[in-house]
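Below is one structure, written out as structure tokens; the observations come after it.
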Amino acid sequence: MSLPELLILHYAGGSAIAYRKLGNQLRGKFRVLMLDLLGRGATYGQKVCRSVREAVGFCLDALDEQGVVPNAVFGRSMGALIAFELASELERRGAPVTWAGSVRRASARISHPAQIRRDLWNGAQLLDFVRDLGGTSEELLENPNYVDYLLEVIRSDLELVDTYVYDAETPLDTPAEVCQGRDTPVLGGIEVGHWKQCFRHSVTGRSWPGGYFYLYGSEGEVANAITTSFDRALERKAGAPQQEASGPNRQENS
């Protein structure tokens with residue numbers, strides 16, 4: 001029996017390599033596919049995507065080339081928006097995913113809480129933003145070649161996020177899970193419940209200690225959460241009763 005296929009999409013300024021450990025934890029349960037959006041990693045030097053629509057088109061082309069129709073999508077921050085819109089497009093095409101996962105991003109219906117175009121910031125402002133998120137060494141941020149690369153990539157990624165407009169006609173018919181670090185600084189109070197309007201079915205949530213990069217060091221726990229949530233979605237799809245702790249918008253701490 002073939003394994004279900006899980007597509008993982010990275011955060012703004014990042015690349016697929018950031019999920020290598022998580023992918024290793026998930027193999028055996030899923031066939032894991034991790035894509036580098038244009039302009040980084042395996043696609044370094046190619047023209048970057050500047051809208052969610054362009055990013056979804058790139059993902060669809062990459063999936064078609066590999067003969068993959070994903071059963072599940074998992075995205076972090078920027079990747080969560082792309083995963084949501086990709087799942088919506090697959091549903092419109094008659095190939096809906098069974099499960100969608102998001103790592104703490106304001107829901108698709110809510111603009112970024114900063115209410116500004118961060119892609120229009122100057123280089124110093126963007127570097128301060130990266131420092132505030134953590135996860136990037138000061139040694140790298142003092143390397144001119146790396147900084148040039150980072151600024152180009154993160155500026156285009158932030159343009160993609162900050163110009164995004166939710167225009168779905170109907171909520172997505174897919175169960176979803178929102179994972180988050182409890183101390184993530186960038187979202188300023190955006191909660192799991194905000195995603196609920198984007199889905200017809202349950203949106204559950206889990207949180208772990210740490211900030212924006214809480215995932216590093218928690219890959220095993222996050223992999224278990226993904227597997228458990230996906231299995232619950234499979235039960236719903238098969239018509240089996242779901243065992244939910246406290247209704248359609250459960251929040252769990254790990």
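We're numbering straight along the sequence, starting at 1.
Residues Ala55 and Leu160 share a closest heavy-atom pair of CB-CD1, 3.9 Å. Taking every heavy atom of both residues into account, Gly41 and Asp36 meet most closely at CA-OD2, 3.6 Å. For the residue pair Gly28 and Leu3, the shortest heavy atom distance occurs at O-CD2, 3.5 Å. For the residue pair Ala95 and Val69, the shortest heavy atom distance occurs at CB-CG1, 4.0 Å. Shortest non-hydrogen contact noted between Val97 and Ala87 is CG2-CB, 3.9 Å. Summarising the geometry of Pro70 relative to Leu7, their closest heavy-atom pair is CB-CB, 4.3 Å, with the distance given to 0.1 Å.
Note on Glu235 versus Arg232: no salt bridge recorded, every NZ/NE/NH1/NH2 to OD/OE distance being 4.0 Å or above.
Within the 6.0 Å centre-distance limit, the rings of Phe84 and Phe199 are counted as a close aromatic pair.
In this model, a donor atom of one side chain and an acceptor atom of the other lie less than 3.5 Å apart for Glu85 and Tyr164.
Of the possible donor and acceptor atoms, one in the side chain of Asn71 sits under 3.5 Å from a partner among the backbone N and O of Glu5. A donor-acceptor pair under 3.5 Å is formed between the side chain of Arg155 and the backbone N or O of Trp121. At distances below 3.5 Å, not a single donor-acceptor pair connects side-chain atoms of Ser218 with backbone N or O atoms of Glu221. Distance alone, capped at 3.5 Å, is enough to place a donor-acceptor pair between the Arg40 side chain and the Leu38 backbone. A distance-only check finds no donor-acceptor pair linking the side chain of Ser229 to the backbone of Ala225 [under 3.5 Å]. The closest donor-acceptor contact from the side chain of Glu91 to the backbone of Asp173 lies under 3.5 Å. When atom types are taken as modelled, the side chain of Thr43 and the backbone of Leu37 share a donor-acceptor pair closer than 3.5 angstrom.
Note: Glu177 CD to Ile226 CD1 = 8.5 Å, rounded to the nearest 0.5 Å. Within the model, atoms CG of Leu127 and CG of Asp132 stand 11.0 Å from one another, a figure rounded to the nearest 0.5 Å. The structure places SG of Cys59 at 12.0 Å from CD of Glu54, a figure rounded to the nearest 0.5 Å. Note that CD of Glu219 is 6.0 Å distant from NZ of Lys21, once rounded to the nearest 0.5 Å. Note that NZ of Lys237 is 8.0 Å distant from CZ of Phe230, once rounded to the nearest 0.5 Å. Separating the CG atom in Asp157 from the CD1 atom in Ile82 is a distance of 7.5 Å, to the nearest 0.5 Å.
Between Tyr149 and Tyr44, the two ring planes are tilted [angle within 30° to 60°].
Connection of Leu158 to Leu120 is not established within any shared hydrophobic cluster, with ILVMFWY side chains joined at heavy-atom distances below 4.5 Å, either directly or through further cluster members. When the side chains of ILVMFWY residues are joined at heavy-atom separations under 4.5 Å, either directly or via intervening members, Val48 and Leu60 end up in two distinct hydrophobic clusters. The cluster map of Ile, Leu, Val, Met, Phe, Trp and Tyr, joined by side-chain heavy atoms under 4.5 Å apart, puts Ile17 and Val32 in different clusters. Clustering ILVMFWY residues whenever any of their side-chain heavy atoms sit less than 4.5 angstrom apart, transitively, puts Leu140 in the very cluster that holds Val153.
Counting heavy atoms of neighbouring residues, nucleotides and ligands inside a 6.0 Å radius, atom CD of Glu138 exceeds 12 of them. Around atom CZ of Arg20, no more than 12 heavy atoms belonging to other residues, nucleotides or ligands sit under 6.0 Å away.
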**Item:** Step-by-step side chain to side chain contact (heavy atoms under 4.5 Å, CB included) determination, Arg118 to Ile154
**Value:** CA-CA 10 Å; Arg118 293 167 296 171; Ile154 200 167; over 6 Å; no
Working note: Ser88 + Leu172, criterion side chain to side chain contact (heavy atoms under 4.5 Å, CB included); need CA distance, chi angles, decisive distance, verdict. CA-CA 6 Å; Ser88 297; Leu172 191 60; 3.8 Å; yes
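When the options Met78, Arg76, Met34 are evaluated for a side chain to side chain contact (heavy atoms under 4.5 Å, CB included) with His10, the one that passes is Met78.
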